[in-house]
Amino acid sequence: MPEQQRKQRPAPRERVEEEATVATPTERGEKLKSELDDLLDEIDEVLEENAEEFVKSYVQKGGE
Amino acid sequence: MAIPKVCGIETEFGVVLRGVADPNPVLASSLLINGYVEQRRVGWDFEDESPDRDARGAAREGAMPPEVETHLVNTVLTNGARYYVDHAHPEYSTPECLDALELVVADKAGERILARSMRAANRLLDPGQEIVVYKNNSDGKGNSYGTHENYLVDRAVPFAHLVRVLLPWFVSRQVFTGAGKVGSENGAGVARYQISQRADFFEEEVGLETTLKRPIVNTRDEPHADPQRYRRLHVIAGDANLCEVATFLKVGTTAIVLAMTEDEVVRADLAVAAPVAAMRTVSHDPTCRATVELVDGSRCTAVELQWEFLRLARAYADRSGLEACGGPEVGGLVLDRWERTLTALEVDPMDLDGQLDWVTKLRLLEAYVARDGLAWGDPKLALLDLQYHDVRPERSLYERLVAAGTVERLVDEDAVTAAITDPPPSTRAYFRGRCLERWPDAVVAANWDSIILDVGTDPLKRIPMMEPLRGSRVHVEALLDQARTPADLVARLAS
């Protein structure tokens, strides 16, 4: 299942720790973190495929 | 005395037509609106449209007024809203509301209408094709489309006085109105993530344009009401918000500031030295600690400017009761929320996760950065930014966060559902919407300040609605209920 693969994909460990100090300016509890992880897993499932292509193709005409 | 702050929000949605070789956004926008309006469409009456009229008086040399596009799809809904194609976007203009809470409901109902429109339009498309809309303000490639607020303002207030107050106001309120954006555009300098979708696009302090050289204060003078008494302040320096708290604050605080300006309690020494640059300085600093220079030479943060506005607003509320801004109840809610928000912005802006869009989105992005080890240039972050604003309930990341309970809601979903079809009770939108609901075949055309009825005999009857507060439920509910036919309604109105 693609969802499973996404969940299990290991992120580069060192980089995560390095970024994490930047990413969370305030202390957050373990419970919150686990809830957040679940939420990200959920969001993974609805995210559009192929981010780069998708973002590139989103072009609008100016408005107003 | 300040006049009631009748208000509304116009949103141009981003639109894509997928599965088509050469997608046409105008066609996609038309399909959305026609798909939604299955019943007979009521046309918009352009007689009173004059978007090239300038609040400063004579037309400015070199100014490029926007053109009214009469050939595009344009309709009025039973909730009193206008739903139409503007340039290459579907645009939803809420009905006129009387306070910030009412407008949060009407604005959210607009999102639901766009979601329904997508479902309806997509049923008409071939398999593999799909229309998707986004409630945001930028494609990340230098193209912006607007979310405009409108407020009823006393004509007696000199426009130059409004400008003096509004420049520091629009610069500083970004700290809670911003919808957040990955990167920067329009040559605005490097930003990893910024508070506002729109700040990069403002290039002038004051002006008539909305599509190029965008001004912080827009001078469009098209009151859609008695021009002797009123102006409609057309605010283009705002983001499309999904968080109800953000919309509530944006409208509620701006209404109070405008009322204070009418009652002459805002001092001039809040003036920012270089407002265009300050828009970007504030937006490009998610720590909210950057300072901007004031005309008097001192420097302060956007939050400090906001504290000064709030201090004046508290004193003003004690004196006026905020009668023009939803009264003590809604106005009081605005003041309390405003204070809590400024306090949090000073302590740690991330505490406003679930209340402000830019913080909510930033927290999501940071969580992805942390979990997946993404660099800030990673396209996945740009995708998360975009999809936060996806209006399809099943794809919207904002709606995911609502479902997960991390976003605070201010209004009841039942009220939002009702506002999809029903007008707000407090303004002339009630009369417009109810006429349309009762006699859809007799309403030949409608616009903000009049409605044209076919009463069965020549000529067509035009009912002027130049007073935004006349035509409310209190005024006309009984009349509408008693009238048997459009002709009877016209006769009763005349008597």
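The figures here come from the full heavy-atom set of this structure, side chains too, leaving out hydrogens, waters and symmetry mates. The model shown is predicted, which means the values in this text are computed figures rather than measured ones. Lettering of chains follows the sequences in order, A, B, ..., and the numbering in each one begins at 1.
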Most contacts with chain B, counted as non-hydrogen pairs under 4.5 angstrom, among A/V55, A/N50, A/L40: A/L40
Identify which part of [X] has an atom lying under 4.5 Å from any heavy atom of chain A, answering side chain, backbone, both or neither.
| X | value |
| --- | --- |
| B/Y368 | both |
| B/V132 | neither |
| B/E394 | backbone |
| B/S396 | neither |
| B/D385 | neither |

- line: Applying a strict 4.5 Å limit to non-hydrogen atoms, the region of A/L36 in contact with chain B is side chain
- prompt: Can you say whether A/I43 sits under 4.5 Å from chain B via the side chain, the backbone, both, or neither, judging by heavy atoms?
  reply: both
field: Residue list, side chain to side chain donor-acceptor pair (under 3.5 Å) with B/D378, at least two apart or on another chain
entry: none
task: Tell me, out of B/H148, B/R18, B/R214, B/E10, who's got the most heavy-atom pairs with chain A below 4.5 Å.
output: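 Heavy-atom pairs under 4.5 Å are most numerous for B/R18.
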query: Any idea which of B/L365, B/V15, B/N137, B/L384 has the most non-hydrogen atom pairs under 4.5 angstrom with chain A?
result: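 That would be B/V15.
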field: Charged N-O contact under 4.0 Å between B/R371 and A/D44
entry: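 Looking at B/R371 and A/D44, the cut-off is met.
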query: Is it true that B/R400 and A/E42 make a salt bridge, defined as a side-chain N closer than 4.0 Å to a carboxylate O?
result: yes
message: Between B/Y84 and B/Y92 (judged by ring centroids, cut-off 6.0 Å), do the two rings come close enough to count as a pair?
response: no
query: For B/Y145 and B/N136, does a side-chain donor sit closer than 3.5 Å to a side-chain acceptor?
result: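 B/N136 and B/Y145 do have a side-chain donor-acceptor pair below 3.5 Å.
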Modelled atom types, side-chain donor and acceptor of B/T11 and B/E91, under 3.5 Å: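 Looking only at side-chain atoms, B/E91 and B/T11 do not form any donor-acceptor pair under 3.5 Å.
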field: Among B/R232, B/E222, B/R220, side chain to side chain donor-acceptor pair (under 3.5 Å) partner for B/N150
entry: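 Filter result, single survivor: B/R232.
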